[in-house]
Amino acid sequence: MSNDLYYSLVTIRCGCSVSGWARARWRRRRRGARDIKRSPTPTPTTPTPADGRSPIVPRQQTARIMLNMKLKERLALALSAFLVLFTLMLVVDIQMDYGISGHRVPLHGRVKIGDDVDKGRSAYIEFRKRFLQKSNGSNSSREFEQSAPSETSGGGEAEPRTPAAPADRYEDLLRILNAQLQGRSEDNPVIIPPHRDLNVLRPENPTIGEMEDLEPSVNASNLEKFQLKIAQHELYEDGEPLIEAVLKDMATLPIIHAEQKEGGTQLKLIMDYPNGIQALFKPMRFARDVQTLPNHFYFSDYERHNAEIAAFHLDRILGFRRAMPVVGRVLNMTTEIYDVTEGDILRTFFVSPANNFCFHGKCSYYCDTGHAICGNPDMLEGSFAAFLPSSELAERKVWRHPWRRSYHKRRKAQWELQSDYCDTVRTTPPYDSGRRLLDLMDMSIFDFLTGNMDRHHYETFKMFGNESFTLHLDQGRAFGKAFHDELSILAPLLQCCLVRHTTLTKLLKYHNGVPLSKVLRESMKADPVSPILWEPHLAAVDRRIGLILDAVRKCVEKAENPLQNEVNDFV
Ligand SMILES: Nc1ncnc2c1ncn2[C@@H]1O[C@H](COP(=O)(O)OP(=O)(O)OP(=O)(O)O)[C@@H](O)[C@H]1O
Ligand SMILES: [Mn+2]
């Protein structure tokens, strides 16, 4: 059969046409095959090398040499061959570890967005580079990046680790703090002493109840009492007994109504309890050890219910008291959500192939069948945040965070491009006086410890004016990466070189004494869905304190030595 005939048969049979290029190739192949068939079958002869010598001769010689070798010599030869191979394996292994094999992206390497466009202009990137370079031997890893057991899962509970005794006690910083307590070093431009801090001075500190001339009624709920006690400078007092009462109420009282909260990007429910108590519910989406997906930006990351719980405890431990109380609870989705809700959300409930009860609600991120929230089979864990006072009682003002990220996958924010960005902020009300800028420094420290990059806005209570604390709301995207410390969250502190004496004191206390992780772990033990945090996140908190202290030290050095600054300025 000629090639052409065969080709047309194939075309007819499969009903498809082959392109001219493919046809030519096919012909070549066929011809090649024919040629091979035509060529005479080679007789099996031993190939003779060009010099005419038989190859059997050297092989025989080698064998004879081997035989003549003593056992000791043979062993030595084998050992050296093994050593060479072992060294080779080691080199390959190290290359894989550091991701320098040329073809691989480092396992936890971060993609620098827009570097090509901003080369040399991006003040923040420049800062970070210099900051990293300036690290001294003992503490050289400023931007800590460590291999995780796995990017998405740690593979079970890790053992609690007690960090080794700190090598650096930051005596230099302790000396400044001590001096300030004795009335010296008061004009330190970096560390703001208590007598210059309105959060400590608090010339006035009225509560919402006092401002509105309201007293809780006899049968007022704990939450109502709590709300009326919210003050100008803090949500609640140190040791406030109502906290435990509010947490207990949210964790145990019957849920009589559930409703999806409008606004925000991810699903949240407003839960109603008897006596007018309300809580903001965020559902559990995945296990504690599931980390932010490597290709997820901060703005498309899932919210974590346990991050809300942990952040409340951390905020309280650090003495900020700017986050509403949050508690964990396991719900029966049928009786505590489905049966007590109405409207469109009902139509999003379904039973999954695994026979679990699921729903997805309606929102702009992850509210579809593919990202449903599923019970086991209908028990669902979530976080319950005590509800803020209604806007009728205490209206809030929403502020754009000056160090807000771009929320765009390629664009940069102003603070990333402008080297003197803090100078602009410092001279703009309400950051030019009072406590506000210091509050943002605290928030930056708080967010750096939890790894929260999602601080686009913040809120204050209108009635207290500008001299009031900034609320720590929405920590849903915190605690996503246990093995990565995101230095850019510290940008406000790094660019302004400003920190409260009181905040620094707390950080040093935990760094030099009982570790923060230990205190946090203990505090969270009381929660009904404890353990709240995966152990590597707790280890990260201790590690990050060290990085903050390093940053403050650099700022102090920079302020003390302005001449050296000229050369070594890192912003
Ligand atoms: N404890 C609370 N009580 C009442 N309202 C709250 C509470 N916490 C937050 N809110 C309000 O709900 C809004 C949305 O909450 P939150 O920011 O946690 O949701 P989100 O889905 O993460 O929003 P976004 O996607 O915009 O970050 C907040 O801006 C705040 O005004
Ligand atoms: Mn959010």
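Read the numbers this way: they start at 1 and go in the same order the structure lists the ligands and their atoms. Values reported hereafter were calculated over all heavy atoms of this structure, with side chains retained and with hydrogens, waters and symmetry mates removed.
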Chemist: I'd like the name of whichever of K261, H457, R455, E459 reaches closest to atom 28 (C) of ligand 1 through any heavy atom.
Modeler: E459

Chemist: Is the CD atom of E262 crowded by more than 12 outside heavy atoms at less than 6.0 Å?
Modeler: no

Chemist: Hey, what's the angle at the Mn ion (ligand 2) spanning OD2 (D474) and OE2 (E303), nearest 10 degrees?
Modeler: 120°

Chemist: Both conditions, 6.0 Å and 45 degrees, for the charged tip of R405 above the ring of Y298: are they met here?
Modeler: yes

Chemist: Just distances here: any N/O of A386 and N/O of ligand 1 closer than 3.5 Å?
Modeler: yes

Chemist: Do the charged groups of E381 and R288 touch, with an N to O distance under 4.0 Å?
Modeler: yes

Chemist: Kindly state whether the ring of F483 and the ring of W534 have centres lying under 6.0 angstrom apart.
Modeler: yes

Chemist: Please check whether E303 reaches ligand 1 - meaning an N/O of the residue sits under 3.5 Å from an N/O of the ligand, judged on distance alone.
Modeler: yes

Chemist: Regarding atom 27 (O) of ligand 1: of the candidates L267, I270, L473, D474, which has the closest heavy atom?
Modeler: D474

Chemist: Starting from atom 26 (O) of ligand 1, locate the nearest protein heavy atom and write down its residue, its atom name and how far away it is, to 0.1 Å.
Modeler: H456 CE1, 3.7 Å

Chemist: Between K268, Q266, H472, flag the one that comes closest to atom 20 (P) of ligand 1 by a heavy atom.
Modeler: K268

Chemist: Would you say the ring centroid of H537 lies under 6.0 angstrom from that of F479?
Modeler: yes

Chemist: Can you tell whether the side chains of E459 and K397 come within less than 4.0 Å, N to carboxylate O?
Modeler: no

Chemist: What do you reckon, does E308 have a nitrogen or oxygen under 3.5 Å from a nitrogen or oxygen of ligand 1?
Modeler: no

